[in-house]
Number of protein chains: 2
Amino acid sequence: MPRIAPINACAGREPHGARGVKVAVPKPKFKQTRDTREAVLSAAAKNFREKGYAAVTLREIAKTAGLTTGSLYYHFKSKEDVVREVLDQGHIFIRLAVEKALADPRVGTDDRSRIRCAIKTHMACLFGDDSLSAANIRIFSQVPAQVKYPTLASRHAYEALWRSLFQDAKASGFLDPNLDIEVMIPLMLGAVNWTLEWSGSDDVSVDAIVDHVVTMLEA
Amino acid sequence: MPRIAPINACAGREPHGARGVKVAVPKPKFKQTRDTREAVLSAAAKNFREKGYAAVTLREIAKTAGLTTGSLYYHFKSKEDVVREVLDQGHIFIRLAVEKALADPRVGTDDRSRIRCAIKTHMACLFGDDSLSAANIRIFSQVPAQVKYPTLASRHAYEALWRSLFQDAKASGFLDPNLDIEVMIPLMLGAVNWTLEWSGSDDVSVDAIVDHVVTMLEA
DNA sequence: CTTATTGAAACGAACGTAAGTTATTTTCTT
DNA sequence: AAGAAAATAACTTACGTTCGTTTCAATAAG
């Protein structure tokens with residue numbers, strides 16, 4: 001697993017639900033239906049990212065989030081309901097992160113810089129403190145069909161973002177004009193996403209990975 | 001999911017347990033302990049490949065293989081025992097396939113041809129009739145630690161094979177000498193392995209994928 | 001008091017697993 | 001060569017556990 005990049009890579013970003021530890025100093029009860037919900041989602045994402053979908057029990061999620069299974073059912077009506085929201089939030093988060101990063105004026109206007117920025121931001125989401133994005137990438141294919149279907153729209157929007165990037169890069173000659181964008185994009189994203197499966201080898205930094213991917217893309 | 005390549009890609013290969021369909025026209029009972037074992041492994045691999053590890057039940061495996069759960073326990077002593085053998089066979093199979101393909105005299109001696117052959121054979125295993133290799137790649141990270149540990153030796157042997165290929169290619173200038181082989185190999189294999197997660201888009205052939213990967217690797 | 005939130009307990013279903021039984025094949029004895 | 005004995009292969013049934021889920025009483029806030 002690669003070292004976690006110093007977040008704020010490329011264009012500044014803070015993790016989605018940047019809530020602190022929930023040690024409860026006095027007893028900040030109530031009016032926290034929002035916080036509890038997010039704590040559950042974060043706990044679920046953390047577990048899903050590590051173990052996959054089916055292997056994670058609601059008892060584990062509840063325990064990680066600091067409540068009991070019964071309480072969890074006050075906020076969500078089923079396990080499917082939990083994973084549905086993890087999937088939604090995770091993918092929307094990563095797409096918005098990349099869009100925002102690309103919109104940052106500090107990013108160069110050349111295709112190499114823009115693609116590098118997008119890849120780096122994508123990876124920063126995967127290895128950031130929040131597990132939502134990583135969980136989405138990791139468990140998408142393990143999830144019941146009725147859960148993954150509604151999220152396809154968001155995925156298509158994300159693919160469109162990359163398609164636009166790659167089309168520009170192809171026009172400018174940064175990418176080999178003989179190669180098919182519809183093949184290159186999933187291959188490239190696959191290479192990046194598969195880093196989630198790397199084990200051991202902590203000595204490869206996210207930056208090094210990004211560099212290698214960009215160089216390999218370059219014509 | 002890419003189209004299944006016309007098997008026998010690169011160097012000839014037949015799927016591991018090439019047993020026919022088990023429709024049972026008369027009633028071919030008994031006399032098949034070896035066949036049953038392999039049928040169970042094949043059924044397990046098929047299910048694991050599609051659904052992951054934890055989501056597959058022994059009842060499903062037994063049903064796919066055409067026997068009952070109790071009978072399954074005559075051949076294997078636990079679910080872990082089943083997945084252990086799927087993992088073992090799957091990975092050994094893919095490594096031997098690539099080694100054999102590279103040893104074929106019809107493969108060119110230049111680094112481009114050899115790397116292309118290795119990638120194509122790897123992918124042919126992933127999308128071949130037998131699911132053992134695909135299951136291995138897909139569920140490795142979902143499996144209990146005590147199962148995945150003993151298989152690491154085989155994985156290292158496979159990595160060594162690729163390291164050797166890439167070192168030669170780097171020496172001859174086919175690969176960019178500035179890039180780190182220890183990063184490129186997992187990235188490349190990740191890109192290839194992730195094709196298992198592709199859904200829809202049947203219109204991309206394995207050959208096209210191999211071509212794109214090779215071209216991207218080329219300096 | 002009312003509403004929102006939690007925790008304890010328990011439900012039925014499905015899980016991995018095991019034991020015991022039946023059916024087929026092989027081996028051994030004569 | 002025939003038939004009994006042993007071994008093999010598969011099925012039936014069910015145990016104990018754990019899962020997702022539900023119920024409901026207890027507690028805290030407005």
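Below, each value reflects all heavy atoms present in this structure, side chains not excepted, and no hydrogens, waters or symmetry copies. Letters A, B, ... are given to chains in the order of the sequence lines, protein chains preceding strands, and every chain is numbered from 1. Computed from a prediction, not measured in an experiment: that's the story for all the values here.
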Student: In whole angstroms, how far is the P atom of C:dA23 from the CG atom of B:Leu67?
Tutor: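 Atom-to-atom, B:Leu67 to C:dA23, this comes out as 18 Å.
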
Student: Taking CZ from B:Arg37 and P from D:dT8, how many angstroms apart are they, rounded to a whole number?
Tutor: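 Result: 15 Å.
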
Student: Taking C-beta and beyond as the side chain, do A:Thr121 and A:Lys100 meet within less than 4.5 Å on heavy atoms?
Tutor: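 Contact flag for A:Thr121/A:Lys100 side chains = no.
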
Student: Can you see which heavy atom on A:Ala134 is nearest to which on A:Leu196, and at what distance?
Tutor: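 For A:Ala134 versus A:Leu196, the nearest heavy atoms are O-CD1, 3.8 Å.
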
Student: Does the side chain of B:Ser71 get closer than 4.0 angstrom to OP1 or OP2 of D:dC11 through an N or O atom?
Tutor: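 Yes, within the criterion.
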
Student: List in chain and number order the residues that pass salt bridge (Lys or Arg N to Asp or Glu O under 4.0 Å) with A:Arg114, two or more places apart in sequence or in another chain; answer none if no residue qualifies.
Tutor: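 Result, salt bridge (Lys or Arg N to Asp or Glu O under 4.0 Å) vs A:Arg114: none returned.
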
Student: For D:dA10, take OP1 and OP2 only and decide whether either is under 4.0 Å from a side-chain N or O of B:His75.
Tutor: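 Yes, such a contact exists.
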
Student: Evaluate the ring planes of B:Tyr53 and B:Phe48, with Trp represented by its six-membered ring, and classify them as parallel (under 30°), tilted (30 to 60°) or perpendicular (over 60°).
Tutor: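 Rings of B:Tyr53 and B:Phe48: tilted, 30 to 60°.
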
Student: With distance as the sole criterion, is a donor-acceptor pair present between the side chains of A:Ser154 and A:Thr151 under 3.5 Å?
Tutor: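 On atom types as modelled, these side chains do not qualify, holding no pair under 3.5 Å.
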
Student: How would you summarise protein contacts on nucleotides 13-21 of chain D per nucleotide, using B for base, S for sugar-phosphate only and - for none, with heavy-atom distances below 4.0 Å?
Tutor: ------BBB

Student: Please determine if a side-chain N or O atom of B:Thr36 lies less than 4.0 Å away from the OP1 or OP2 oxygen of D:dT8.
Tutor: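 Checking B:Thr36 against D:dT8: no side-chain N or O falls below 4.0 Å of OP1 or OP2.
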
Student: Heavy atoms only: give me the nearest A:Ala65-A:Ala39 pair and the separation to one decimal.
Tutor: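 Scanning both residues, the minimum pair turns out to be CB-O, 3.8 Å.
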
Student: Can you check whether B:Tyr74 has a side-chain N or O nearer than 4.0 Å to OP1 or OP2 of D:dA10?
Tutor: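 Answer no for this pair, as no side-chain N or O of B:Tyr74 is under 4.0 Å from OP1 or OP2.
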
Student: Once you round it to whole Å, what is the distance between P of C:dT5 and CZ of A:Phe76?
Tutor: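 It is 13 Å, rounded to the nearest whole Å.
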
